[in-house]
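Letters A, B, ... mirror the listed sequences (proteins, then strands); counts begin at 1.
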Amino acid sequence: MNISGITGNPGEWVKGDGSNHQIVISSRIRLARNLREMPFPGWAKKAERIGILEQIKKVVDNLPEMKSALSEYLQDLSALDKQILVERHLISREHAAKSTGSAVVVNPAQTLSMMINEEDHLRMQSLRPGLQLRGAYKLLDRVDTTLESQLDFAWHPQLGYLTACPTNVGTGMRASAMVHLPALVLGEQINQVIQAVNKIGLAVRGLYGEGTEAMGNLFQVSNQTTLGEKEEEIIARLTKVIETIIQHEENARISLLDKKPGVLLDQIGRAYGILTNSWSMASKEALNLLSFIRLGTDLRFFPEESRLPVDELFMETQPAHLQKSASRKLSAEERDSLRAEIIRHKLKSLPAPDSVKAKQSPGPSGDKPAPNDE
Amino acid sequence: MLCDICKSNEASVFLTQIIDGKSQNVNLCDSCSKEYNVTDPTGFALADLLLGLGAGQEIQKGAAGSVCPICGFTQADFKKTGRLGCSACYDVFPEQLTSLLKAVHKGTHHTGKIPARQHQSLLHRDRLKSLQDDLDHAIHDEDYEKAATLRDQIRDLPKEGAHAV
């Protein structure tokens with residue numbers, strides 16, 4: 001598979017059919033592994049790095065899970081292609097900055113990706129729609145077990161898997177979920193939630209991970225510590241916290257519908273009006289407005305059929321995706337005008353928000369019974 | 001009580017932070033507390049202190065001159081990058097890393113996945129240790145018949161585990 005195989009297909013995890021997919025966009029598990037007594041990528045000399053890369057890439061390419069995968073050396077990818085992979089969350093921004101001596105391998109479904117020589121020799125990642133951390137780990141654990149039979153991973157009886165940064169040592173695992181929390185943001189409860197989550201040793205970050213801004217009311221919740229707990233314990237703890245966040249978001253949605261329906265309808269109506277009538281739109285504005293259309297769909301202001309096109313727009317309106325679709329480098333102005341055009345086109349058949357229908361619906365997430373109904 | 005950072009002056013600032021329901025203490029002398037600006041409780045986290053400059057300094061003080069025999073990494077490099085040079089570095093600066101790991105993680109011992117090949121050598125190591133303990137006891141009790149059997153068992157342990165961790 002080549003890079004256009006990636007851009008031509010939104011990736012299985014975008015098609016959102018996992019559990020709780022209205023609020024949890026995706027679940028991700030990342031494992032960091034290193035070869036025993038070989039210099040870490042940041043410390044290795046170029047020749048050493050290339051040697052390590054070849055050793056790992058050969059084994060990764062032969063994984064049954066990586067049949068007909070995209071497998072590229074980073075120096076062979078254009079800046080735009082790398083940016084596409086970042087926007088798809090298939091590689092990190094740090095990895096996109098690498099060149100000779102690093103590689104990326106992505107399976108055709110875009111649910112499994114391997115970064116070779118990022119900060120660690122191997123960082124593998126499994127991505128699933130909705131809240132499926134356990135499922136994502138199960139797949140990655142199996143892949144890891146296959147790899148370790150052929151690669152001598154650095155492991156220490158007391159410290160577990162050894163990593164370039166001591167903050168990842170132990171399981172080498174980062175589990176995270178991307179959550180969409182517009183009602184908590186609108187209801188100004190989001191900071192309380194973030195603080196509470198931080199207090200119990202979990203991190204809340206923006207859309208593209210560490211140090212990035214929260215746009216489109218999207219947040220990443222992940223574990224911060226990797227030593228002293230089993231993988232399954234970390235995942236169980238995180239899952240429980242995310243379920244609580246989902247509950248809070250649902251409550252905030254019910255409360256908004258109940259107490260401030262005017263504010264809610266105004267936000268969703270304005271988002272609809274601007275998105276369907278704009279001729280120039282910046283990436284951040286698009287994400288923030290699309291977030292309200294997504295919320296409107298969850299609350300049945302819009303028909304369910306509009307969910308997939310809206311979710312696809314989250315991806316397609318990102319800068320690199322726009323430039324790829326235009327097949328040339330675009331100035332910021334050209335991007336904004338193309339973005340507005342794509343949105344107008346895609347939302348052409350989207351009817352105006354229907355507040356009557358929304359009020360008749362059983363609840364903010366009508367297709368999912370409340371826990372006490374079971 | 002001495003300052004945790006310079007380890008020379010008497011500590012006069014005692015900090016406790018509850019992270020993840022676990023209380024962590026750092027004791028600092030007057031000058032180190034000023035240097036790390038810990039008097040402002042909003043802009044300060046123990047983990048940052050221990051992971052950032054503090055960690056680099058600790059390594060420098062504890063293992064001055066230590067160089068990783070595998071990759072040539074030094075404590076100064078750690079201070080500069082916040083990353084280690086290779087997996088063997090973890091055994092070059094063990095004491096210094098322990099306090100750092102204690103500050104940023106939930107525990108100090110890995111309880112998760114064990115790679116299959118390590119699993120075998122760990123089992124081998126446990127078996128060897130238990131046989132050796134039994135052998136010591138047998139010799140102590142002057143039960144030479146039992147000691148001879150144990151010696152043979154140790155000799156006959158599977159060869160593949162021979163290079164245990």
Could you grab the distance from atom [atom1] of [X] to atom [atom2] of [Y], nearest 0.5 Å is fine?
{"X": "A:Thr171", "Y": "B:His105", "atom1": "OG1", "atom2": "NE2", "value": "8.5 Å"}
{"X": "A:Leu227", "Y": "B:Thr111", "atom1": "CG", "atom2": "OG1", "value": "8.0 Å"}
{"X": "B:Lys113", "Y": "A:Tyr137", "atom1": "NZ", "atom2": "OH", "value": "5.5 Å"}

Those residues that, when tested against A:Asn117, pass side chain to side chain donor-acceptor pair (under 3.5 Å) (two or more places apart):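 Checked A:Asn117 against side chain to side chain donor-acceptor pair (under 3.5 Å); zero matches.
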
Taking every non-hydrogen atom, the tightest pair across A:Trp43 and B:Phe73: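 Residues A:Trp43 and B:Phe73, closest heavy atoms: CZ2-CA, 3.6 Å.
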
Which atom of B:Leu101 lies closest to which atom of A:Pro166, heavy atoms considered: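 It is CD2-O, 3.4 Å.
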
CA sep, side-chain torsions, deciding dist, call: B:His110, A:Thr226, side-chain contact (heavy atoms from CB on, under 4.5 Å): CA-CA 9 Å; B:His110 177 62; A:Thr226 51; over 6 Å; no

Test item: A:Thr225 and B:Val104 side chains (from C-beta on) under 4.5 Å apart, heavy atoms: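 They are not in side-chain contact.
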
Which atoms of A:Leu35 approach chain B - backbone, side chain, both or neither, heavy atom under 4.5 Å: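 Backbone only.
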
Which portion of A:Thr145 sits near chain B, non-hydrogen atoms under 4.5 angstrom: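 When you check distances to chain B, atoms from both the backbone and side chain of A:Thr145 fall under 4.5 Å.
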
Heavy atoms from other residues, nucleotides or ligands near CD of B:Glu10 exceed 12 (cutoff 6.0 Å):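 Yes, enclosed.
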
Residue A:Gln150 excluded, over 12 heavy atoms near CD under 6.0 Å: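 Result for CD/A:Gln150: enclosed.
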
Interface residue of largest heavy-atom contact number with chain B, from [options], under 4.5 Å:
{"options": "A:Met173, A:Glu231, A:Glu232, A:Gln158", "result": "A:Gln158"}
{"options": "A:Gly172, A:Ser149, A:Ala164", "result": "A:Ala164"}
{"options": "A:Met38, A:His121, A:Glu233", "result": "A:Met38"}
{"options": "A:Leu202, A:Leu151, A:Ile234, A:Asn34", "result": "A:Leu151"}

For chain A, the option from B:Gly72, B:Cys71, B:Cys68 that forms the most heavy-atom pairs under 4.5 Å: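 The answer is B:Cys71.
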
Enumerate, atom names and distances included, each donor-acceptor pair closer than 3.5 Å involving a side-chain atom of residues 81-93 of chain B, sequence neighbours excluded.
unit_1	atom_1	unit_2	atom_2	d
B:Thr81	OG1	B:Asp77	O	2.9
B:Thr81	OG1	B:Arg83	N	3.1
B:Thr81	OG1	B:Arg83	O	3.1
B:Arg83	NE	A:Glu119	OE1	2.9
B:Arg83	NE	A:Glu119	OE2	3.4
B:Arg83	NH2	A:Glu119	OE1	3.2
B:Ser87	OG	A:Glu37	N	2.7
B:Tyr90	OH	A:Thr163	O	2.6
B:Asp91	OD1	A:His156	NE2	3.2

A:Arg237/B:Lys106 under side-chain contact (heavy atoms from CB on, under 4.5 Å): CA gap, chis, key distance, verdict: CA-CA 13 Å; A:Arg237 198 157 65 90; B:Lys106 248 185 130 67; 3.9 Å; yes

